[in-house]
Amino acid sequence: MASIKLDKLRKQFKEVLAVEGLNLDIEDGMFVAFLGPSGCGKTTTMNMIAGLEQPTSGDLYFDGKRMNDVPAGKRGVGFVFQNYAIFTHMTVYENVGFGLKVRGCPEVEMKREVGKIAELLELTPMLDWNAGKLSINDMQKVALGRSMITNPGIFLLDEPFSNLDASFRAYMRGELKRIQREIKQTMIYVTHDQVEAMSMADRIAVMYCGQLYQWGSPDDVYNRPVNAFVARFIGSPNMNFIECAYEVENGQGFLQQRKGGLRVPVDAKRRRLLEDRTGPNNLILGIRPEHMKVYQQPEPNALWQGTAYALEPLGPLTIAHTEVGGDRVQVKASGGYRTRPGDPQWVALDLEYIHIFDGETKLVIR
Amino acid sequence: MYQTRPWQKVLRYFTIIIVSIMFFFPTYWMITMSFKPKGEWNSAAGTIYWVPQNPTLDNYKTVLTEYRGQFFRANQSSALPSIRSSIVVSIGGTLFALLIGTLAAYGISRHSTDTGDLPWYIAVGRLGLLVLVMLPFIVLWARLGILATWYGILTFTIIGIVADQIIGRVLGKYYKGAVGSLSFSILQLRMFPPMAILIPVMIMWSTFRLIDTWYGLVIVYGVVTFPFVVWLMKSFFDDIPKELDEAAVVDGSSNWRAFFKVVLPLAKGGLASTALFVFILNWSDFLVALLLTSRNWGTIPVFLNKLVSSEIGAQHGPKAALGLLAVIPPVVFGLLIQQYLVRGLTFGAIKK
């Protein structure tokens, strides 16, 4: 168990700045997800924590101890790679026991420890098998076991489940949560899948282009995104964005849609924020599909009228793509909602949940 | 599939047969020749002996013992020392090249970021520059009379290496790519034809008293085949995901252990095929051995060349016998590693 502190961690490859001044405080025993699209620097950050890459500048601390110059094998870190990195020329037993063997652990103890891990991961019947002959799912378990055996205080997982089939992935997510609860390690989990991050992590670090955009609980990043990128990246389907401008008419503040004539009234608190703001009157309204309602008849609370564009029936719910005043939005509707393209539709917004972003900086106005 | 017409079939088999004869007849001739007595070696008498009329083992006796047989009056030494020499220097040279080449290849595969091919004029240009830079030194060294002293050779070599690195760095500034890299310097070793470097090597070796020693040959064989090992093994290592050695390192093993316990076992197919390739190169070398050996460490090809007597000219029978014996080690080696070979030879060829 260990806490991790990244202090202005920076990594520059020849011409590419992979990680830019990263500051993070990860508490002991926390389950953290690094979330971001590929190439955002998550894996590089992980490699620096593990000791596989040297930071160009900045410091790394485990439990307050500077780790920059400690070699990878001595950091007490377990690492599970995206492609498992199974030693295919060894048996499952040799794979899982590798970390103990290189530490010169006696055979008897090794047998006991490997047995325990195998029990935990349900690998016992396969211990004598050649690791190269395992299924992808079992390989992933072996990779997990091999990292767990030395009982590292920090556990790093680099998109470990991205090659698994969907049902096993869901199962492994649950298993990983359970394992983490049992052994109480600090875990860092790299993923580009927001569902994985949201469902497992205590804290999420949303990264983009080598920068940390947001650091917070799943609740935070979902409900209080700091910028339009985080807002779009978290949530499925994506948040809807509508370019608009702030206007005042008859003492009432509005967000006026740029492409069409739609208006969204803003409450007093937001109004104050918008009026205090300087700079171009260039805003983005963000609203999640689940915070909108779609109707086939006019409704008193439905602000907008639009036309049906497409429909995605997903079973328990339907995603209604609707064109409103030139912008296309996605709305979550009930599973039985059906409409034909071109039909008129009325859309209601839950004004409580709108997000307003600066059109230039994309930062949230809150 | 298109329909094959009968005449096409005939033509195809006819071609196959002709080509087969072209390839197999020399082998057949060598095998039968090794059993022919002296009188049947050539057709001077007007008859061609397609098969031995009076098969004999005299040829084998001649090369394997100091047996004089039916036709030699002069003292004929046996080929056994040359067989021993071939085995020692070929295996030694192969091991030497594999040892340093494999380590170099691993380093280049894992740590070199240079990619991309170089146009030939850059490659040749770099070498040409090196030659130009070194020419005045040769003249100067010759003037000073130290060209064939150990300190002259040593200083000249060091200047050469430094000059090569400087040229590489300078070119690398103006031309993006691998031109300044160590891997390119290694490849460059192969750009001189062996004949061009052998005379200088001979002078150096005689200065260092390495002529006609097994280690002298081992060093030359090792250095000459080293670039092959590096470039073959690099492609095999490139195919092994670097996450494997990283995983081993994170789990607490040293870099050396990760290399020997994880990477090398996975590359053993490539290692085996590289070893065979290099071994055959060393085994069949004639030129280097001819120039760098005299009495004690002449290899099989050198001994074959000597199988001429003033009385009867070329000794075709003993030559064939020894040639046949010389085929055995590569074939046995090949059979031993056959299981790795097919995979090894294709393994490095295909990029995922």
Side-chain angles (χ1 to χ4, degrees), chain A residues 13-16 43 46-54 70-91 94-105 130-132 139 142-152 154-160, chain B residues 102 106-107 109-116 169 172-181 183 236-273 337 339-340 343-344 347-348 351-352:
Chain A
F13 294 109
K14 270 179 185 165
E15 275 141 31
V16 189
T43 300
M46 288 276 262
N47 286 346
M48 286 193 284
I49 295 174
L52 296 172
E53 303 261 15
Q54 274 301 314
V70 179
K74 299 232 157 68
R75 292 191 182 189
V77 166
F79 203 125
V80 179
F81 291 85
Q82 183 171 7
N83 57 6
Y84 321 136
I86 288 294
F87 306 145
T88 47
H89 59 294
M90 300 182 188
T91 63
E94 286 169 323
N95 262 282
V96 175
F98 186 83
L100 293 181
K101 182 137 198 205
V102 298
R103 284 173 172 77
C105 171
N130 188 331
M139 278 194 188
V142 173
L144 265 175
R146 195 181 59 200
S147 320
M148 281 162 56
I149 193 108
T150 53
N151 212 356
I154 296 165
F155 215 52
L156 307 172
L157 301 106
D158 188 358
E159 308 215 11
Chain B
T102 305
Y106 180 63
S109 164
R110 289 301 188 258
H111 299 294
S112 170
T113 49
D114 302 299
T115 48
R169 295 282 149 79
K173 279 222 167 85
Y174 297 100
Y175 192 88
K176 250 189 169 170
V179 68
S181 70
S183 46
F236 290 118
F237 288 141
D238 284 348
D239 285 346
I240 295 171
K242 75 172 198 311
E243 282 84 359
L244 283 177
D245 13 336
E246 288 180 348
V249 167
V250 170
D251 285 342
S253 91
S254 64
N255 284 323
W256 286 95
R257 192 178 183 123
F259 175 69
F260 283 112
K261 294 281 173 194
V262 175
V263 179
L264 208 55
L266 289 169
K268 66 182 172 204
L271 192 67
S273 44
I337 64 165
Q339 50 165 330
Y340 304 115
R343 186 158 168 268
F347 185 49
K351 278 261 173 267
K352 277 161 276 172

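Throughout, protein chains are lettered first and strands after them, A, B, ... in sequence-line order, and every chain is numbered starting at 1.
Between A/Ile86 and B/Leu244 the shortest heavy-atom distance is O-CD2, 3.2 Å. Across B/Val249 and A/Ala72, no two heavy atoms sit closer than the pair CG1-CB, 3.7 Å. Looking at every heavy atom in both residues, B/Val262 comes nearest to A/His89 through O-CE1, 3.5 Å. Scanning all heavy atoms of the two residues, the minimum distance from B/Val250 to A/Leu52 falls at CG2-CD2, 3.8 Å.
When side chains are defined from C-beta on, A/Phe98 counts as touching B/Ser253, because their heavy atoms get closer than 4.5 Å.
Taking CZ from B/Arg257 and NZ from A/Lys101, the interatomic distance works out to 7.0 Å, rounded to the nearest 0.5 Å. We find the CD-CZ distance between B/Glu243 and A/Phe79 to be 8.5 Å, quoted to the nearest 0.5 Å.
Highest contact tally toward chain B, considering only A/Thr150, A/Val77, A/Asn83, is held by A/Asn83 [criterion: heavy-atom pairs under 4.5 Å].
The contact between A/Arg146 and chain B is made by backbone and side chain atoms together, counting heavy-atom distances below 4.5 Å.
A/Arg103 contributes a side-chain N or O that, together with a main-chain N or O of B/Asp251, makes up a donor-acceptor pair within less than 3.5 Å.
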